[in-house]
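Remarks on the structure that follows.
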Amino acid sequence: MEILNNNTVIADINSSAADRQGAVSEAFRFSDGDRRALYQTIFSRRDVRGQFLQDSIPESVLSRVLMAAHYAPSVGFMQPWNFVVIKSGETKQQVRRLFDKAHNEAAEMFPADKREVYRNLKLEGILEAPINICITCDKQRAGPVVVGRTHIPEMDVYSSVCAVQNLWLAARAEGLGLGWVSILDPLSLKELLEIPEGVVPVAYICLGYVSRFFDKPELQSAGWRPRLPLAELVNFERYGRPAGDDSGEKLLARISSDQQELETKGYQPGFVSAE
Ligand SMILES: Cc1cc2c(cc1C)N(C[C@H](O)[C@H](O)[C@H](O)COP(=O)(O)O)c1[nH]c(=O)[nH]c(=O)c1N2
């Protein structure tokens, strides 16, 4: 049986698992190189706070990463986002002051033994990054009733988050570091950026070329939190339920060995093997 999209055959769902990729028509198929590049982007993406260079970002590159964000999925095709591009040093200073205030308040929320470690973490690159972008969500963009948002009102904000992730991955592919700063009072940020009623600031990001990308998350390297074993987070049929059969066990074993390989060797092209 064929799956049709705009009258174009995109797959034959009767094909076996082994040749499913082969069943996708030539025009839609990813080469091994393309697949490797995609996974490389995902596994080498980092939250960047401290390695920004001052080099300016060409319009062509900025346009591409913003386009990647704009082509994210969104509930009911709302496309609820706006992108406030900030280059002004004065505006960055004002946002940085909001960060300082929130960061001090945040430190007090952690238990005493973690407070000092928290204070020493670098958690933003607002002034160092040549560009900051605030990504918002306009909850009224598609009217009051939206396909897919009828029962879960937060779906619009989740859609804007999808745009952020697209931007993040595209930025990595372009060699741009991106850091998400959420230690900010949202009402103060709204006021500063003149974000209207009904529009929510979803993400404040710092963007720029960087001297390097770290191999591991900074919070992991700093001993704040380890990466969790994925196999402990994959459940079967019900939340929290472990594998109940051989195929579940086999999947978990494969996941464990894949993660072990990633954590010890980092992402290698061989990670994307045919089988
Ligand atoms: C919603 C949200 C909000 C924030 C973040 C991320 C996300 C998804 N992160 C980045 C976060 O610390 C980072 O993603 C993890 O530590 C994992 O590291 P890598 O992104 O893999 O490098 C982040 N980092 C930071 O330095 N200051 C911050 O305020 C935030 N806020």
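All ligand and atom numbering here is 1-based and tracks the order in the structure.
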Residue-level breakdown please: for L123 versus ligand 1, do any non-hydrogen atoms fall below 4.0 Å on the side chain, on the backbone, on both, or on neither?
both
Looking only at protein heavy atoms, identify the closest one to atom 18 (O) of ligand 1 and say how far it is in Å.
P217 CB, 3.2 Å
Protein non-hydrogen atom below 4.0 angstrom of atom 10 (C) of ligand 1 present
yes
Enter the distance from D185:CG to K190:NZ here, rounded to the nearest 0.5 Å.
11.5 Å
Report the nearest protein non-hydrogen atom to atom 23 (C) of ligand 1: residue, atom name, distance rounded to 0.1 Å.
W180 O, 3.0 Å
Is it true that a side-chain atom of R36 and a backbone atom of F271 form a donor plus acceptor pair closer than 3.5 Å?
no
Main-chain N/O of L228 paired to Q259 side chain as donor or acceptor, under 3.5 Å:
yes
At a non-hydrogen distance cut-off of under 4.0 Å, which region of R49 contacts ligand 1 (side chain, backbone, both, or neither)?
side chain
Among all protein heavy atoms in this structure, tell me which lies nearest to atom 21 (O) of ligand 1, with the distance rounded to 0.1 Å.
R46 NH2, 2.7 Å
Would S211 and L53 satisfy side chain to side chain contact (heavy atoms under 4.5 Å, CB included), going step by step from the backbone distance to the final call?
CA-CA 7 Å; S211 55; L53 306 172; 4.1 Å; yes
Numbered atoms and elements of ligand 1 in range of I183, under 4.0 angstrom, heavy atoms:
29 (O)
What is the nearest protein non-hydrogen atom to atom 16 (O) of ligand 1, stated with its residue, atom name and distance?
L219 CD1, 3.6 Å
Donor-acceptor pair, E124 side chain versus I126 backbone, under 3.5 Å?
yes
Please list, in number order, the atoms of ligand 1 under 4.0 Å from a heavy atom of V181.
28 (C), 29 (O)
Under 3.5 Å: N/O of E124 near N/O of ligand 1:
no
Among all protein non-hydrogen atoms, which one is nearest to atom 13 (C) of ligand 1, and what is the separation to 0.1 Å?
D47 CB, 3.8 Å
Do R45 and ligand 1 have an N or O pair less than 3.5 Å apart?
yes
Are any of the side-chain nitrogens in R254 or D258 under 4.0 Å away from the carboxylate oxygens of its partner?
yes
Is it the case that the side chain of E174 and the backbone of V65 share a donor-acceptor pair, with hydrogens and angles ignored and the cut-off at 3.5 Å?
no
Does S182, backbone or side chain, put an N or O under 3.5 Å from an N or O of ligand 1?
yes
Are the side chain of Q79 and the backbone of F77 linked by a donor-acceptor contact shorter than 3.5 Å?
yes
Examine distances only and state if a side-chain atom of N82 and a backbone atom of T136 form a donor-acceptor pair shorter than 3.5 Å.
no
